[in-house]
Trainee: 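Pasting a structure below so you can have a look.
If you're wondering where the values come from, they're calculated on a predicted model, not measured in any experiment.
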Amino acid sequence: LSGDAGVGKTRLLSELCQRARQSGATVVVGHCVDLGAVGLPYLPFAEALRQLADLAGEDGPLAEALRDRPALDRLITRPGRPAAAPAADDDAARLQLFDAVAGALGDAAEIAPPLLLVIEDLHWADQSTRDLLAFLLARLRSERAAVVASYRADDLHRRHPLRPLLGELLRLPIVERLELSPFTPAELGDYLRTLSGGPVPDPLVRDVLARSEGNAYFAEELLAAGLAADPGLPTALADV
C-alpha cells in the first residue's frame, strides 16, 4: 500500500484491521521506526510476534507451535524463558530465524482464525526486515493469511533501498500494489462535510483543495485552522 505522507494509509489500515477483527480474523501489526540508516533488525516482525504470543496465551496449539520454534526467542521474550542472546548473523542462523518466523505465521493462519499481518512504514525498514519480508512472501502458498505493508511513496528517492525489493515483490503472483491517491474535488468536499458535521461553503472547499492538493491530513488541519477567515497558515502546520 503506497501513498504520500498524510494521504490516509494509516487510517485505511486501521479500518481494515477493525473489519478483519469483526470478521473473526487474527490481526497483528508491526511498525518500522525511523532510527537512521541502520535501524533495529526485524523490529516490525518482533512486535507482531509478541502480539501473536500474547494472543496464544500459555496453552493451546498455537502456544505450542510457538514454543516448538526456539529460533523465535531471538525476537520475543516469553514467560519462563530468558531472551536468547543475539546469534551470529551468518547464513545458517538467518535461515533458521526466517524459517521459524514464516512457520509460526503459517501455523497461526492454520490453527487460529485467518491471519492478517500489517507492517507500517516499510520505507523505514532495515535490511534484515526487508530480507525477511521477501522470504515470507516467497514462501506463502495456500495459507489463510494476508500481509499488507505500507510505505510512503514520496520518500522513495532513486537510490532508496526499498526500491529493488518492491521490484522483486511485484513479480510474485500473490503480490498486488495498491496506490492510495489524494482526494478528488468531490471526495474532498464529502470529507470536509463529514469532518465538520454539516455543510461547508464551496469557497472553503476550493481553498482547502488548492492548499492541500487533496491530502487528507492537510485538509483536516486546514479546515480545523479556520482558513476561511485567515489566509495565513498556522506556524505548526506550515512547519509540517
Side-chain angles (χ1 to χ4, degrees), residues 1-25 27-34 44 48 114-125 133 137 145-158 160 162-163 165-167 169-170 172-240:
L1 174 65
S2 69
D4 293 345
V7 78
K9 299 184 298 299
T10 297
R11 178 67 184 85
L12 180 61
L13 290 175
S14 297
E15 183 72 17
L16 170 65
C17 292
Q18 178 181 345
R19 295 191 182 194
R21 291 188 179 100
Q22 291 173 348
S23 299
V27 179
V28 291
V29 182
H31 300 83
C32 302
V33 180
D34 184 12
L115 176 70
L116 171 63
L117 167 63
V118 173
I119 299 176
E120 289 204 60
D121 296 323
L122 196 60
H123 51 281
W124 288 330
L133 178 63
L137 295 182
V147 180
V148 182
S150 68
Y151 64 91
R152 290 183 183 175
D154 50 340
D155 273 15
L156 298 194
H157 52 78
R158 288 175 53 192
H160 195 286
L162 184 60
R163 281 192 177 275
L165 174 62
L166 294 175
L169 294 182
L170 289 174
L172 299 175
I174 65 169
V175 175
E176 180 180 358
R177 179 174 178 267
L178 176 63
E179 182 176 359
L180 191 58
S181 302
F183 287 134
T184 65
E187 291 169 342
L188 181 66
D190 291 340
Y191 182 60
L192 295 180
R193 284 187 288 272
T194 299
L195 291 175
S196 66
V200 178
D202 288 341
L204 177 56
V205 174
R206 291 193 294 269
D207 184 40
V208 173
L209 176 64
R211 293 169 180 263
S212 69
E213 298 181 344
N215 183 285
Y217 171 75
F218 291 135
E220 181 175 357
E221 293 299 313
L222 289 166
L223 180 66
L227 293 181
D230 182 2
L233 279 177
T235 301
L237 183 58
D239 290 342
V240 173

Trainee: Which pairs with one or both residues in residues 3-25 pass ring-ring contact (aromatic ring centres under 6.0 Å, His included), sequence neighbours excluded?
Mentor: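 ring-ring contact (aromatic ring centres under 6.0 Å, His included) check on residues 3-25 returns no pairs.
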Trainee: In Å, rounded to the nearest 0.5 Å, how long is the span from CG of Asn215 to CD of Glu220?
Mentor: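 Nearest 0.5 Å value for the CG-CD distance: 10.5 Å.
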Trainee: If you measure from CG on Leu162 to CG on Leu156, what distance do you get to the nearest 0.5 Å?
Mentor: 5.5 Å
Trainee: If you look only at pairs with a residue in residues 179-194, which of them pass as a salt bridge (charged side-chain N to carboxylate O under 4.0 Å, His left out), with sequence neighbours excluded?
Mentor: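 For residues 179-194: Arg177-Glu179, Asp190-Arg193.
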Trainee: Indicate yes or no: at least one non-hydrogen side-chain atom of Ile119 is less than 4.5 angstrom from one of Cys32.
Mentor: yes
Trainee: Applying the side-chain contact (heavy atoms from CB on, under 4.5 Å) test to Val147, which of Val175, Leu133, Leu115 qualifies?
Mentor: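 Testing each of Val175, Leu133, Leu115 against Val147, the sole residue satisfying side-chain contact (heavy atoms from CB on, under 4.5 Å) is Leu133.
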Trainee: Taking CZ in Arg11 as the centre, count heavy atoms belonging to other residues, nucleotides or ligands within less than 6.0 Å. Is the count above 12?
Mentor: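 Result for CZ/Arg11: open.
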Trainee: When rounded to the nearest 0.5 angstrom, what is the spacing between NE2 in His160 and CG in Leu166?
Mentor: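 Output value for this atom pair is 9.0 Å.
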Trainee: What heavy-atom pair brings Ser196 and Pro199 nearest, and what distance separates the two atoms?
Mentor: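 Scanning both residues completely, I find the closest heavy atoms to be OG-O, 4.3 Å.
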Trainee: Which atoms form the tightest heavy-atom contact between Ala20 and Leu116, and what is the distance?
Mentor: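 So the minimum-distance heavy-atom pair works out to CB-CD2, 3.8 Å.
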Trainee: Using modelled atom types only, decide if a donor and an acceptor are shared between the side chain of Lys9 and the backbone of Gly3 within a distance under 3.5 Å.
Mentor: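 Here the side-chain-to-backbone pair exists.
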Trainee: What verdict does the side chain to side chain contact (heavy atoms under 4.5 Å, CB included) test give for Leu12 and Leu1, after you've listed the backbone C-alpha separation in whole Å, the side-chain angles of each residue and the deciding distance to 0.1 Å?
Mentor: CA-CA 10 Å; Leu12 180 61; Leu1 174 65; 4.1 Å; yes
Trainee: What pair of heavy atoms forms the shortest contact from Leu188 to Ala219, and how long is it?
Mentor: CD1-CB, 3.6 Å
Trainee: Any chance you could lay out the side chain to side chain contact (heavy atoms under 4.5 Å, CB included) test for Asp34 and Asp121, step after step, and finish with the verdict?
Mentor: CA-CA 9 Å; Asp34 184 12; Asp121 296 323; over 6 Å; no
Trainee: Answer yes or no: does atom CD of Gln22 have more than 12 heavy-atom neighbours from other residues, nucleotides or ligands under 6.0 Å?
Mentor: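 More than 12 heavy atoms, drawn from other residues, nucleotides or ligands, come within 6.0 Å of this atom.
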Trainee: Do you know the tightest heavy-atom contact between Val29 and Cys17?
Mentor: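 Shortest heavy-atom separation between Val29 and Cys17 comes out as CG2-SG, 4.0 Å.
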Trainee: Please report the closest heavy-atom contact between Phe183 and Ala216, naming both atoms and the distance.
Mentor: CE1-CB, 3.7 Å
Trainee: As an exercise, state the distance from OG of Ser212 to CG of Leu192, rounded to the nearest 0.5 Å.
Mentor: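 Going from OG on Ser212 over to CG on Leu192, the span is 7.5 Å.
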Trainee: Just verifying a value: how many Å separate Leu222 CG and Arg211 CZ, rounded to the nearest 0.5 Å?
Mentor: 7.0 Å
Trainee: Which atom pair, heavy atoms only, marks the closest approach of Ala153 to Asp4?
Mentor: CB-OD1, 4.2 Å
Trainee: Walk me through whether His31 and Trp124 qualify under side chain to side chain contact (heavy atoms under 4.5 Å, CB included).
Mentor: CA-CA 9 Å; His31 300 83; Trp124 288 330; over 6 Å; no
Trainee: Supply the atom-to-atom distance Asp202 CG to Leu209 CG, rounded to the nearest 0.5 angstrom.
Mentor: 11.5 Å
